Structures are given as C-alpha cells and as structure tokens.
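For reference, the structure is listed below as structure tokens.
Counting convention: from 1, in listed order, for ligands and their atoms alike. On a predicted model such as this, the values are computed, not experimentally measured, just so you know.
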Amino acid sequence: MAEAQAQQRGGYAEDVSAGQPAQGGLRFEVDGEIATITLDRPEKRNAMTFATWSALAGIGENLPEQVRVVVVKGEGPSFSAGIDLRMFTPEGVPGQGSFSSAAAADAATFEQRLQQAQAGYLWLRRPEIVSIAAVRGHAIGAGFQLALACDLRIVADDVAFCMKEAALGLVPDLTGTKPLVELVGLAKAKDLCLTARVVHADEAVRIGLAEKVVPGSDLDQAVEDKIAQLLAVNRDAAAATKRLLQRAQGRSLEEQCAAEGAEQAARLKALFG
Ligand code: ACO
C-alpha cells in the first residue's frame with residue numbers, strides 16, 4: 001500500500017507540475033479509497049494562485065480510479081484566504097502574471113485561463129466521488145468557492161466564510177455562485193455576496209452552508225466519521241444517486257421520474273443480472 005501511495009504521489013507531482021510554477025501550494029495523498037488535498041501555504045493563510053487552481057485541475061484529471069471520497073482541507077489556522085493578493089499588484093506572482101496583465105489580455109486568452117482555473121473546482125462535483133471540505137478559520141473568496149465546490153462542508157466552530165469579491169470590485173467566478181444559490185437560496189446569496197459579510201459557524205449551519213459544526217479539535221474525527229458513513233454504502237448506487245440529485249433541479253418532475261427509472265433499471269441489472 002505504501003508503495004502504491006508513493007507512486008500516486010509521484011504521479012501527481014509529475015503530472016500536475018508539468019508546465020506549472022512550483023508555487024501550487026498543495027499536498028495530495030491517496031490512502032485506498034480516500035484522497036486528501038491539503039492547501040499548504042499556512043504562512044500565507046493558504047492564499048491561492050493560478051498555479052494552485054492548475055494543480056487542483058491536474059489532481060482531478062489524474063485522480064486514481066479507486067478513490068471514492070476526496071477531502072479538501074487547509075494547513076494551519078485558515079482554510080484559505082482566497083486569491084493571493086499579489087495577483088492584484090502590477091508585479092503579480094512570479095511566473096504567473098497579474099490581473100493587470102489579464103485585463104490587458106484579449107478576451108479569448110482570459111476565457112481560457114479562467115476555464116483552466118474553474119476546472120480545478122468543477123471536478124469535485126463528479127458523481128463517482130463525494131467531496132468534503134473540512135473548513136477551519138477563514139474561507140474567503142476563492143477559498144469560500146472551493147468549499148462550495150465540494151459536496152459537503154464540515155466546519156470548525158471558528159469558521160468564517162466570506163464572499164469578498166464585490167468589495168474588491170470583482171465577481172465570484174470560480175464556480176461558486178450556483179452552489180451558493182442552491183444551498184442558501186437567492187435572497188441569502190445576494191445578502192452574502194453583495195455585502196461581503198462574514199458568516200460564522202452557527203449561521204453557516206442554520207442557512208445550509210455547512211452540514212455540521214464541531215469544535216476545532218474534533219474536525220478531523222468528524223470528517224473521518226463522515227467518510228466511514230459514505231464508504232458504507234454501495235459505490236455504484238452512490239454514484240447513480242448523486243447523478244440523480246445533481247440533475248434534479250434542471251429537470252421537470254416527469255423527466256426526473258424517468259431518470260430515476262433508468263438509473264434503477266441499471267442498478268437492478270448490475271445487482272441481479
Ligand atoms: N494573499 C496573499 N497573502 C495573504 C493573503 C492573501 N489573500 N491573506 C493573508 N496573506 C498573508 C499576509 O500578508 C501575511 O503575510 P506576512 O506574514 O508576510 O505579512 C500572512 O498571510 C498572515 O496574514 P495575517 O493577515 O497576518 O493573518 P490573520 O490570521 O491575522 O488574518 C485573514 C487572516 C483575515 C485571512 C487576512 O490575512 C486577510 O484578510 N487576508 C486577505 C483576504 C482577501 O482579501 N482575499 C481575497 C478574497 S477575493 C478572492 O479570493 C477572489
């Protein structure tokens with residue numbers, strides 16, 4: 001097992017660092033059916049750069065097939081302070097440019113770069129896996145959106161979610177607006193995004209942003225407990241059910257009933273031949 005894990009890590013390092021700056025700032029570990037991504041720049045509160053998003057996308061592209069649960073967490077006191085603020089300086093992040101160069105770029109170049117960054121978030125919704133954000137401390141902007149990209153959010157009691165983009169003259173563009181609206185409703189999403197106010201643990205649970213809040217010292221155990229529950233159900237049934245749930249909102253009741261039937265027929269065939 002240890003050798004296989006080392007190979008996974010080696011594969012990851014080779015795959016996601018290809019053509020990328022060294023400052024992706026992530027750790028990635030695979031233990032059987034569980035993968036853990038750790039944002040690992042605690043001294044900068046896990047601020048993220050294009051290299052981080054590109055590395056996230058690389059992990060998604062190369063995720064070992066056996067993985068069923070992906071945990072995303074942050075090293076140190078904060079989940080993530082969001083985008084690295086150097087991106088807003090003329091100098092930018094070495095090797096990665098800045099938003100002033102992005103503004104100067106043509107629309108197609110910007111679109112392409114944004115799609116690469118969004119790809120780092122989108123794969124966490126794949127039906128074949130369940131993603132869990134284990135969030136302690138600040139989850140700001142791009143960090144909040146990373147937590148929103150996950151299926152479940154288990155949070156420490158010091159959590160502080162903040163969609164800060166509007167305060168900086170920006171919009172949230174890392175896939176966060178849709179899950180936010182789906183989780184908390186349109187009015188509350190407007191409240192959070194248009195005020196850039198901080199949501200603490202009690203409110204986060206109350207409005208549906210977090211599934212569970214625990215004392216900080218219990219966060220790892222709470223995540224482990226959730227993983228055990230998730231791994232206890234049938235793998236293929238879980239994927240089929242996640243597909244159904246994720247597509248439910250875009251379908252009519254009739255379409256959803258038909259989709260349930262199609263998934264169940266496939267399940268019955270798989271179970272009983
Ligand atoms: N980008 C770059 N560096 C950062 C960032 C960031 N987003 N956030 C924190 N850091 C650095 C600080 O500059 C500091 O570095 P230094 O030790 O070299 O001076 C170090 O991380 C620690 O930060 P502190 O502010 O001292 O930590 P504290 O725990 O007191 O506060 C907090 C944490 C609240 C997250 C604060 O750092 C902060 O407000 N950061 C900026 C958040 C932000 O505006 N993010 C952008 C959101 S919009 C988006 O993501 C698209």
Side-chain angles (χ1 to χ4, degrees), residues 21-27 37-57 72-103 105 110-122 124 133-150 153 155-181 189-201 203-204 209-210 216 219:
Q23 56 270 61
L26 300 177
R27 292 203 316 269
I37 298 169
T38 307
L39 303 168
D40 195 21
R41 287 177 73 210
E43 73 287 357
K44 297 294 178 191
R45 301 298 181 264
N46 301 322
M48 295 189 272
T49 66
F50 278 115
T52 314
W53 302 322
S54 177
L56 282 169
V72 183
K73 62 182 194 178
E75 191 65 55
S78 297
F79 181 74
S80 172
I83 193 168
D84 191 316
L85 293 173
R86 289 178 301 168
M87 298 295 291
F88 298 129
T89 64
E91 302 78 37
V93 176
Q96 299 185 55
S98 80
F99 275 102
S100 41
S101 53
F110 171 72
E111 183 73 22
Q112 190 191 17
R113 202 132 196 233
L114 181 61
Q115 278 178 11
Q116 283 169 357
Q118 290 173 336
Y121 287 56
L122 285 172
L124 291 160
V135 188
R136 63 173 83 245
H138 292 98
I140 304 178
F144 187 7
Q145 294 185 72
L146 183 59
L148 287 166
C150 293
R153 281 145 297 279
V155 304
D157 52 11
D158 68 345
V159 76
F161 289 115
C162 174
M163 200 68 91
K164 197 171 172 184
E165 280 79 350
L168 299 173
L170 301 169
V171 301
D173 65 355
L174 289 166
T175 79
T177 53
K178 187 170 169 65
L180 183 66
V181 170
K190 287 175 180 168
D191 170 26
L192 301 188
C193 293
L194 305 186
T195 63
R197 72 177 176 83
V198 173
V199 178
H200 295 286
E203 184 182 8
L209 266 185
L219 184 59

Item to check | Asp84: which of Arg41, Lys44, Arg45 passes side chain to side chain contact (heavy atoms under 4.5 Å, CB included) | outcome: Arg41

Checklist entry - Taking side chain as C-beta onward, heavy atoms only, is Leu180 less than 4.5 Å from Leu209? => result yes

Checklist entry - With side chains defined as the heavy atoms from C-beta onward, is the minimum distance between Tyr121 and Trp53 less than 4.5 Å? => result yes

Next on the checklist: With respect to Leu170, determine whether any N or O atom, backbone or side chain, lies less than 3.5 Å from an N or O atom of ligand 1.
Outcome noted: no

Next on the checklist: Given Ala81, Gly82, Ser78, identify the one with the heavy atom nearest to atom 45 (N) of ligand 1.
Outcome noted: Ala81

Checklist entry - For atom 38 (C) of ligand 1, which protein heavy atom lies nearest, and how many Å away is it? => result Ile140 CD1, 4.6 Å

Next on the checklist: Is the shortest side-chain heavy-atom distance between Phe50 and Gln116 below 4.5 Å?
Outcome noted: no

Checklist entry - Any protein heavy atom sitting closer than 4.0 Å to atom 8 (N) of ligand 1? => result yes

Item to check | Phe79 side chain near Val155 side chain, heavy-atom distance below 4.5 Å | outcome: no

Next on the checklist: Strictly less than 4.0 Å: does any protein heavy-atom distance to atom 25 (O) of ligand 1 fall in that range?
Outcome noted: no

Next on the checklist: With the threshold set strictly below 4.0 angstrom, can you tell me whether any protein non-hydrogen atom sits that near atom 2 (C) of ligand 1?
Outcome noted: yes

Checklist entry - Would you say Leu85 has any N or O atom under 3.5 Å from an N or O of ligand 1, going by distance alone? => result yes

Checklist entry - Side-chain contact, heavy-atom cut-off 4.5 Å: Val135 with Phe161? => result yes

Item to check | atom 20 (C) of ligand 1: the protein heavy-atom neighbour that sits closest, reported with distance to 0.1 Å | outcome: Glu43 O, 3.2 Å

Checklist entry - Quick one: are Leu148 and Met163 in side-chain contact, heavy atoms under 4.5 Å? => result yes

Checklist entry - Does the protein put a heavy atom less than 4.0 Å from atom 35 (C) of ligand 1? => result yes

Next on the checklist: My understanding is that only one of Leu56, Asp40, Asn46 makes a side chain to side chain contact (heavy atoms under 4.5 Å, CB included) with Leu26; could you say which?
Outcome noted: Leu56

Item to check | Any side-chain heavy-atom pair of Leu192 and Arg197 under 4.5 Å | outcome: yes

Item to check | Residue, atom name and distance, where the atom is the protein heavy atom closest to atom 37 (O) of ligand 1 | outcome: Arg45 CG, 4.5 Å

Checklist outcome for this item: atom 44 (O) of ligand 1 sits nearest the protein heavy atom Lys164 NZ, 2.9 Å

Checklist entry - For atom 11 (C) of ligand 1, which candidate among Gln145, Met163, Lys44, Glu165 holds the nearest heavy atom? => result Lys44

Checklist entry - Nearest protein heavy atom to atom 30 (O) of ligand 1: under 4.0 Å? => result no

Next on the checklist: With respect to Leu168, determine whether any N or O atom, backbone or side chain, lies less than 3.5 Å from an N or O atom of ligand 1.
Outcome noted: no

Checklist entry - Any idea which atoms of ligand 1 are less than 4.0 Å away from a heavy-atom of Ala142? => result 49 (C), 50 (O)

Item to check | Nearest-neighbour protein heavy atom for atom 6 (C) of ligand 1, which is reported as residue plus atom name and distance | outcome: Ala47 CB, 3.5 Å

Checklist outcome for this item: The protein heavy atom nearest to atom 49 (C) of ligand 1 is Ile83 CG2, 3.4 Å

Checklist entry - Are the side chain of Thr38 and the backbone N or O of Gly74 linked by a donor-acceptor pair below 3.5 Å? => result no

Next on the checklist: To the nearest 0.5 Å, what is the distance between CD on Glu75 and CZ on Arg136?
Outcome noted: 9.0 Å

